[in-house]
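All chains are named by letter (A, B, ...) in the order of the sequence lines, taking the proteins before the strands, and each is independently numbered beginning at 1.
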There are 2 protein chains.
Amino acid sequence: MDKQVLFLKFFDFITSVHQTTHAFSKGAKLEDVTPVQYKMLEYVAVSQPVTLSSIADCTHMSLPNTSREIKKLMQKGLCEKVADTDDRRKQLIRLSEKGQQLMNGIFGHMLSQLEGRIGTLSDEKLKEIEQALDLLHDQVFRA
Amino acid sequence: MDKQVLFLKFFDFITSVHQTTHAFSKGAKLEDVTPVQYKMLEYVAVSQPVTLSSIADCTHMSLPNTSREIKKLMQKGLCEKVADTDDRRKQLIRLSEKGQQLMNGIFGHMLSQLEGRIGTLSDEKLKEIEQALDLLHDQVFRA
DNA sequence: CTATATAATTATCATATGATAACTATAAAA
DNA sequence: TTTTATAGTTATCATATGATAATTATATAG
């Protein structure tokens with residue numbers, strides 16, 4: 001097994017995933033949300049409610065900058081703060097109704113893009129794809 | 001086959017790939033090269049020599065901004081221009097010796113990161129991984 | 001030959017992003 | 001209780017990035 005060749009395949013694969021990600025998000029209307037803000041919204045959508053610190057950690061941002069951008073997202077009415085009753089230093093963030101709808105729309109758009117790619121495949125093929133996702137996730141792209 | 005479930009799996013997978021990419025590039029010393037400039041270097045490294053227009057296309061940048069950033073990369077001694085003898089409007093870009101060394105170092109770093117993840121796997125497992133990469137690349141993450 | 005399309009450059013501007021210092025409030029440890 | 005650690009805010013600055021208009025040079029179509 002030539003590791004050099006496998007590496008090139010990985011590199012090509014990662015590039016393809018990035019391009020596909022770009023293609024998927026293209027066309028989803030994101031008026032008034034910057035790339036960094038979108039990344040934050042995506043994280044909040046999946047893990048809500050979350051503290052500012054965990055947003056900062058997971059998006060590789062500093063706490064001050066995270067605070068600033070969340071403030072902007074709240075001003076746009078996309079996020080809400082909830083006080084943490086256990087630890088009053090913490091601020092729990094979650095999507096607002098409007099933010100939830102925005103992300104639902106985006107996820108729906110991505111789903112339809114995916115549908116366009118795998119919609120016609122047989123159930124056996126889909127099973128194979130699912131297994132491939134699991135394998136790579138566990139063996140290579142694990143955190 | 002529940003498409004909704006498969007979508008969530010895809011979403012999770014894409015997130016993992018992005019995080020792994022981030023982890024891979026972390027630690028590679030990129031003094032004085034911005035993220036956008038790095039993206040350009042990566043494209044040039046793989047496809048050189050390339051025209052400014054193709055760099056602009058593939059990195060989703062405007063031509064003026066591409067021109068500006070390439071200029072900076074040349075000032076840093078990482079890229080070179082070669083005139084296209086066929087069409088004198090075109091500027092072919094390639095890595096300089098220094099740029100080549102930089103990218104070799106980064107690719108080497110990524111290779112060792114990958115090695116750390118799959119280095120101990122059996123040849124059969126590696127074959128499976130290779131097939132999974134091919135499958136997903138062809139069926140889902142194709143351009 | 002003239003008009004038009006392509007490739008790239010330069011200049012300029014607004015905004016997004018990243019970094020840091022100074023600060024407040026609360027919790028936990030000594 | 002005093003000290004120290006944690007969570008977050010605010011303000012400020014420098015730089016990176018994205019958008020656009022105006023310009024030059026060359027190629028190609030009519």
Given atom CE of M61(A) and atom P of dA7(D), what is their separation to the nearest angstrom?
-> 17 Å
Using atom types as modelled, flag every donor-acceptor pair under 3.5 Å from a side chain in residues 74-81 of chain A to any protein atom, sequence neighbours excluded.
from	atom 1	to	atom 2	distance (Å)
K76(A)	NZ	D32(A)	O	2.6
K76(A)	NZ	Q37(A)	OE1	2.8
E80(A)	OE1	R94(A)	NE	3.2

What residues form a salt bridge (charged side-chain N to carboxylate O under 4.0 Å, His left out) with D84(B), not counting sequence neighbours?
-> none
Quick note, salt bridge (Lys or Arg N to Asp or Glu O under 4.0 Å) partners involving residues 40-54 of chain B, not counting sequence neighbours, are none
Shortest non-hydrogen separation from R142(A) to Q139(A) and the atoms involved = NH1-O, 2.5 Å
Spell out, as yes or no, whether a donor-acceptor pair under 3.5 Å connects the side chain of H137(B) to the backbone of L133(B).
-> no
Scan the side chains in residues 107-115 of chain A for donor-acceptor partners under 3.5 Å anywhere in the protein, sequence neighbours excluded, and list what turns up.
from	atom 1	to	atom 2	distance (Å)
H109(A)	ND1	F24(A)	O	3.0
S112(A)	OG	H109(A)	O	2.9
E115(A)	OE2	K3(B)	NZ	3.3

OP1 or OP2 of dT9(C) under 4.0 Å from side-chain N/O of K81(B) = yes
DNA chain C contacts made by residues 30-57 of chain A, counting heavy atoms under 4.0 Å | T34(A), P35(A), V36(A)
Solution key, residues 121-131 of chain A side-chain donor-acceptor pairs under 3.5 Å, sequence neighbours excluded:
from	atom 1	to	atom 2	distance (Å)
S122(A)	OG	K125(A)	N	3.2
E130(A)	OE2	K9(B)	NZ	3.1

Ring pair (Phe, Tyr, Trp, His ring centres under 6.0 Å) contacts in which one or both residues fall within residues 34-80 of chain B, not counting sequence neighbours | H22(A)-H60(B)
Over how many whole Å does the gap from K90(B) atom NZ to dA8(C) atom C1' extend?
-> 12 Å
Can you tabulate the close N/O pairs, meaning under 3.5 Å, that link protein atoms to atoms of nucleotides 10-13 of chain C?
from	atom 1	to	atom 2	distance (Å)
dT10(C)	OP2	K71(B)	NZ	3.4

Just by distance, do the side chain of Q48(B) and the backbone of L95(B) share a donor-acceptor pair under 3.5 Å?
-> yes
How would you list, by chain and number, every residue that makes a ring pair (Phe, Tyr, Trp, His ring centres under 6.0 Å) with F141(B), sequence neighbours excluded?
-> F13(A)
Of dA8(C), dA7(D), dT17(D), the nucleotide closest to the side chain of E69(B) is dT17(D)
Mind calculating the distance between CD (Q91(A)) and C1' (dT10(D)) to the nearest angstrom?
-> 14 Å
Which atom pairs link the protein and nucleotides 26-28 of chain C when you take only N or O atoms and keep those under 3.5 Å?
from	atom 1	to	atom 2	distance (Å)
dA27(C)	OP1	R88(A)	N	3.2
dA27(C)	O4'	R89(A)	NE	3.4

S67(A) side chain vs L63(A) backbone, donor-acceptor pair below 3.5 Å = no
Mind calculating the distance between CG (L92(B)) and C1' (dT6(C)) to the nearest angstrom?
-> 15 Å
Give a yes or no answer on whether the side chain of S54(B) reaches the backbone of V50(B) with a donor-acceptor pair at less than 3.5 Å.
-> no
End-to-end bend of the helix from dC1(C)-dG30(D) to dA30(C)-dT1(D) (five-pair axes, 10° rounding)?
-> 30°
Results of side chain to side chain donor-acceptor pair (under 3.5 Å) for T15(A) - residues two or more places apart only | none
